[in-house]
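Contents: one structure, followed by commentary.
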Amino acid sequence: MRGKTANFVNTAVREKKTDEELGQENLNAVIRQHSEWLASQLHAQRENLFPPDAHKAMRKFTSGEAAALLDVNDSYLRKLHLDGKGPSPEMTAGNRRMYSVQDIQELRELLERTARNPGDYLPGRQPGDKLQIIGVMNFKGGSGKTTTSAHLAQRLALKGYRVLAIDLDPQASMTALHGVQPEYDLQDGGTLYDAIRYEDPAPIQDVIRKTYLPNLDLIPGNLELMEFEHETPRALAQGNAGLFFFRVKEALAQVDPDYDVVVIDCPPQLGFLTMSALSAATGVLVTIHPEMLDVMSMSQFLRMTADLMDVIAESGADMSHDWMRYLLTRYEPTDAPQNRIVAFLRTMYGDKVLNAPMLKSTAISDAGLTKQTLYEVDRSAFTRSTYDRAIESLNAVNDEIAQLIQQTWGRR
């Protein structure tokens, strides 16, 4: 994995032109040229990493990993295999069983048919349960917002929930993590903007893409989302906007029966897109990097958010949410100043701060070098202790959020 990344970087360096070669071009031309170089190299990297069709595929899971995802014993999976029940796993040279994500989903459906309680293996909505829409937000860069959104969406899908991930951030990092390159793959639209624009909005089904996980669909993002930020003030001035902050909620209503959970990666700003996501959300997750400058920024973020929500509420929106939680991200347990800030936040906000923090890990950042989440990378690519520490942290965070979802539905 690291070798491929090094080749990509070396190629980019070789092809980069110097400032002297560019001459006295204006800043706009330089920035545009740099953008095109970077897009070209990223496209080449994708084709190198995911041949032959340049599409990502999910790795296979060991029997132990599959058993953990299904909450059963590995010996029980072995028995199912020997009895000829369920899908047949791939057998490696060392006689190890490897399961694809499709295999795991088939096993879920098989086990659910004989489960003691409905939802033991397919934990999604039951009759009467409402769609859970989780907005992940913070306007401070580096807070781990996109990392949180992507890993949460994938973990919920791996655990059997039907998930729709929405990239509402024009920078489109979550989109890239799922194998879609905005500059190449979204030249003719295909973002949520198509479904929430004021003139001739498209059905939201038109912009939903299947991913390489059976239970996870994606609405990608790109710079086109900024059009909503520009058009809304004009529509408001002309009296054509209506209740603009309901547009995301109304679009999602079109696919309400198809999903259990929607995860929205919000823009790092308090604009009209974020206001619309807040209006649609049933749960809000605010990421916090426990450093003093970040906490100071969050103070302003919360104040501005409250002011905006007051305006929306005065317009007739119901701004009540099932839950709101703070997630500590990029946390280093050995960092004494961070620990003081964590203690300060827990004292102030109590159980509004998730018990599990997301630890800072080189494994997560290394996986990101090849546009992958940690769930997509094989354990053998890292030092085992580094990988195990990171994956345990991610699972603890995401499973705590899943518990909140279950409690909202009145279960567990």
Nearest 0.5 Å please: distance from the [atom1] atom of [X] over to the [atom2] atom of [Y].
X: Asp399; Y: Leu404; atom1: CG; atom2: CG; value: 11.5 Å
X: Arg330; Y: His289; atom1: CZ; atom2: NE2; value: 4.0 Å
X: Thr287; Y: Asn138; atom1: OG1; atom2: CG; value: 4.5 Å
X: Leu285; Y: Thr148; atom1: CG; atom2: OG1; value: 6.5 Å
X: Met275; Y: Cys266; atom1: CE; atom2: SG; value: 12.5 Å
X: Leu110; Y: Leu70; atom1: CG; atom2: CG; value: 10.0 Å

Exam field: side chain [X] to backbone [Y], donor-acceptor pair closer than 3.5 Å:
X: Glu112; Y: Gly119; result: yes
X: Gln406; Y: Pro123; result: yes
X: Gln132; Y: Ile405; result: no
X: Thr329; Y: Ile288; result: yes
X: His151; Y: Leu374; result: yes
X: Ser63; Y: Asp74; result: no
X: Thr211; Y: Leu213; result: yes
X: Glu400; Y: Asn355; result: yes
X: Glu106; Y: Asp103; result: no
X: Arg108; Y: Lys159; result: yes

Quick one: closest heavy-atom pair of [X] and [Y], and the distance?
X: Leu168; Y: Pro170; value: O-CD, 3.5 Å
X: His321; Y: Gly283; value: CD2-N, 4.3 Å
X: Gly221; Y: Thr175; value: N-OG1, 2.8 Å
X: Ala281; Y: Val284; value: CB-CG2, 4.3 Å
X: Ala363; Y: Ala390; value: CB-CB, 4.1 Å
X: Ala150; Y: Leu177; value: CB-CD1, 3.8 Å

Can you tell which of [options] makes a side-chain hydrogen bond (donor to acceptor under 3.5 Å, both in side chains) with [X]?
X: Tyr193; options: Glu224, Glu227, Glu231, Glu229; result: Glu231
X: Asp260; options: Arg125, Gln126, Arg162; result: Arg162
X: Lys130; options: Asp322, Asp256, Thr282, Thr408; result: Asp322

Do [X] and [Y] pair up side chain to side chain, a donor and an acceptor below 3.5 Å, judged on atom types alone?
X: Ser297; Y: Gln300; answer: no
X: Asn339; Y: Tyr331; answer: yes
X: Tyr99; Y: Glu90; answer: no
X: Asp366; Y: Tyr387; answer: no

Got a sec: does the [atom1] of [X] have more than 12 other heavy atoms crowding it under 6.0 Å?
X: Met292; atom1: CE; result: no
X: Met324; atom1: CE; result: yes
X: Lys60; atom1: NZ; result: yes
X: Asp307; atom1: CG; result: yes

Close side-chain approach of [X] to [Y], heavy-atom, < 4.5 Å:
X: Gln407; Y: Arg411; answer: no
X: Tyr121; Y: Val72; answer: yes
X: Val295; Y: Pro290; answer: no
X: Phe245; Y: Thr274; answer: no
X: Asp120; Y: Leu111; answer: no
X: Tyr326; Y: Leu354; answer: no
X: Leu328; Y: Met358; answer: no
X: Arg197; Y: Glu199; answer: no

- Task: Take the angle between the ring planes of Phe228 and Tyr198 and call it parallel below 30°, perpendicular above 60°, tilted in between.
- Result: parallel
- Item | Ring-face cation contact, Phe61 with Arg97, 6.0 Å cut, 45° max | no
- Task: Evaluate the side-chain contact (heavy atoms from CB on, under 4.5 Å) criterion for residues Val136 and Ile264: first the C-alpha distance (whole Å), next the side-chain angles of each, then the deciding distance (0.1 Å), finally the verdict.
- Result: CA-CA 6 Å; Val136 184; Ile264 305 178; over 6 Å; no
- Please step through side-chain contact (heavy atoms from CB on, under 4.5 Å) for the pair Ile219 and Arg209, ending with a clear verdict. CA-CA 6 Å; Ile219 297 180; Arg209 293 174 173 235; over 6 Å; no
- Quick one: do Lys249 and Ser279 satisfy side-chain contact (heavy atoms from CB on, under 4.5 Å)? Show the steps, please. CA-CA 7 Å; Lys249 186 175 184 178; Ser279 301; 5.8 Å; no
- Message: Can you tell whether the side chains of Glu65 and Arg59 come within less than 4.0 Å, N to carboxylate O?
- Response: yes
- Message: Between Asp388 and Arg379, does any NZ, NE, NH1 or NH2 come within less than 4.0 Å of an OD or OE carboxylate oxygen?
- Response: yes
- Could you go through the side-chain contact (heavy atoms from CB on, under 4.5 Å) check for Leu218 and Leu164 one step at a time? CA-CA 6 Å; Leu218 172 72; Leu164 175 63; 6.0 Å; no
- Message: Between Asp169 and Lys145, is the salt bridge (charged side-chain N to carboxylate O under 4.0 Å, His left out) condition met? List the steps.
- Response: CA-CA 10 Å; Asp169 186 346; Lys145 178 177 61 64; 3.5 Å; yes
- Partner of Leu273 under side chain to side chain contact (heavy atoms under 4.5 Å, CB included), picked from Ile196, Leu278, Val248, is Ile196
